[in-house]
Novice: 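Would you mind keeping the following structure in view while I ask a few things?
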There are 2 protein chains.
Amino acid sequence: MVVRNELTDDETDRIFRALADATRRDIVTRVLRQEQSVSALAGHYAMSFAAVQKHVAVLERASLVTKQRRGREQVVHAEMSTLHRAARLLESYEELWHGRARRIDDLLAEEVPPGGRGAE
Amino acid sequence: MVVRNELTDDETDRIFRALADATRRDIVTRVLRQEQSVSALAGHYAMSFAAVQKHVAVLERASLVTKQRRGREQVVHAEMSTLHRAARLLESYEELWHGRARRIDDLLAEEVPPGGRGAE
DNA sequence: ATTTCGTACAACCATTTGGTTGTAGGTTAC
DNA sequence: GTAACCTACAACCAAATGGTTGTACGAAAT
């Protein structure tokens with residue numbers, strides 16, 4: 001299987017949206033430590049089983065977790081590669097910022113290249 | 001000023017939710033490269049000025065950017081520390097995974113002697 | 001002074017989200 | 001077989017999201 005290292009906008013949307021909820025982040029940390037069935041996960045939260053199931057589904061659509069049947073249980077485990085790629089994306093933002101100092105030198109040297117307004 | 005290195009659930013919610021939109025991520029990368037006024041930013045997108053203004057407000061509430069008045073413009077610049085802390089959070093998930101075979105309890109028992117790793 | 005520019009904000013709308021309950025199907029246990 | 005358990009999914013609801021237009025106000029340019 002070919003593993004692209006870059007994320008599409010949609011994939012990134014789903015990943016960050018999935019991580020933008022404390023319950024889902026908690027689910028992620030739990031299954032990072034140890035994979036668990038959906039109902040085992042549900043036992044930890046003060047909400048219905050169906051609600052937890054939905055949260056898992058959101059994480060699954062974001063490829064942050066996968067499910068695997070085992071008997072009558074569905075075992076949830078973390079998908080590290082996705083988490084890693086999200087981390088790399090944020091790190092690339094940091095790199096972008098660190099490269100900003102160089103750009104400022106250029107600006108000072110050149111003082112606003114002509115035609116700066118139009119493009120893109 | 002004391003800079004907590006950990007994020008509350010609410011802060012983390014806001015950060016990831018803010019990043020879960022392609023337009024807002026693009027705004028972040030633009031102001032990471034170079035700070036820009038809100039209207040300059042708005043010029044880059046096929047949506048109303050008010051919509052862009054709202055996106056900036058979402059990023060601002062997440063502390064991913066700050067605004068600074070300059071003349072009649074409001075200049076948006078990136079808040080690296082927040083981006084960095086989000087990146088660190090994801091990295092801590094990765095560390096969690098790498099250490100998952102070990103007993104976490106031992107780590108917790110030993111960690112953080114009072115005053116140990118406070119300010120940054 | 002008047003106009004123009006950049007911003008702020010309210011009101012409105014369609015869609016999505018995060019929760020609920022209820023129903024149904026497949027597995028394991030008795 | 002029957003009961004109990006785990007999961008799936010639909011229907012429903014309140015609240016949040018992402019967009020719009022319109023109005024208003026301060027700063028700058030004329």
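In this text, all values refer to a predicted model and were calculated from it rather than measured experimentally. In what follows, every chain begins at residue 1, and chains take the letters A, B, ... in the order their sequences are listed.
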Novice: Between atom CG in A/D13 and atom C1' in C/dT15, what is the gap in whole Å?
Specialist: 15 Å

Novice: Which whole-number value in Å describes the distance from B/I27 CD1 to D/dG18 C1'?
Specialist: 12 Å

Novice: Which atoms form the tightest heavy-atom contact between A/V52 and A/Y45, and what is the distance?
Specialist: CG2-CD1, 4.1 Å

Novice: When the distance from CZ of A/R25 to P of C/dG18 is rounded to whole Å, what number comes out?
Specialist: 11 Å

Novice: At their closest point, which heavy atom of A/E94 faces which heavy atom of B/A87, and how far apart are they?
Specialist: OE2-CB, 3.3 Å

Novice: Side chain of A/S48: nearest nucleotide among D/dT20, C/dG18, C/dT21?
Specialist: C/dT21

Novice: In terms of side-chain geometry, is the basic nitrogen of A/R88 or A/E91 positioned less than 4.0 Å from the acidic oxygen of its partner?
Specialist: yes

Novice: Check whether any side-chain heavy atom of A/I27 lies under 4.5 Å from a side-chain heavy atom of A/Q36, and answer yes or no.
Specialist: no

Novice: Atom pairs, N/O to N/O, protein against nucleotides 4-9 of chain D, distance under 3.5 Å?
Specialist:
| from | atom 1 | to | atom 2 | distance (Å) |
| --- | --- | --- | --- | --- |
| D/dT7 | OP1 | A/V38 | N | 3.3 |
| D/dT7 | OP1 | A/Q74 | N | 2.7 |
| D/dT7 | OP1 | A/Q74 | O | 3.2 |
| D/dT7 | OP2 | A/S39 | N | 2.6 |
| D/dT7 | OP2 | A/S39 | OG | 3.1 |
| D/dT7 | O3' | A/Q74 | NE2 | 3.4 |
| D/dA8 | OP1 | A/K67 | NZ | 3.3 |
| D/dA8 | OP1 | A/Q74 | NE2 | 2.5 |
| D/dA8 | OP2 | A/Q53 | NE2 | 3.4 |
| D/dA8 | OP2 | A/K67 | NZ | 3.3 |
| D/dA8 | N7 | A/Q53 | OE1 | 3.3 |
| D/dA8 | N7 | A/Q53 | NE2 | 3.4 |

Novice: Can you confirm whether B/L19 sits close enough to B/R24 that some side-chain heavy atom of one is under 4.5 Å from a side-chain heavy atom of the other?
Specialist: no

Novice: Strictly under 3.5 Å: I want the nitrogen or oxygen pairs between protein and nucleotides 13-17 of chain D, one per line.
Specialist:
| from | atom 1 | to | atom 2 | distance (Å) |
| --- | --- | --- | --- | --- |
| D/dT17 | OP1 | B/R17 | NE | 3.4 |

Novice: Quick one: closest heavy-atom pair of B/L64 and B/A18, and the distance?
Specialist: CD1-CB, 3.8 Å

Novice: Roughly, in whole Å, what's the span from CG in A/D9 to C1' in D/dG18?
Specialist: 16 Å

Novice: Starting from the 5' end of DNA chain C, give me the residue, A/G71 or A/D21, whose nearest nucleotide shows up first.
Specialist: A/D21

Novice: Could you tell me the separation between the NE2 atom of B/H55 and the C1' atom of D/dT20, rounded to a whole number of Å?
Specialist: 12 Å

Novice: Could you give the NZ-to-P distance, from B/K54 to C/dA14, as a whole number of Å?
Specialist: 15 Å

Novice: Any side-chain heavy-atom pair from B/L89 and B/R85 closer than 4.5 angstrom?
Specialist: no

Novice: With a 4.5 Å limit on heavy-atom distance, are the side chains of B/V38 and B/F49 in contact?
Specialist: yes

Novice: Between the main-chain N or O of A/T8 and the side-chain N or O of A/E11, is there a donor-acceptor pair closer than 3.5 Å?
Specialist: yes

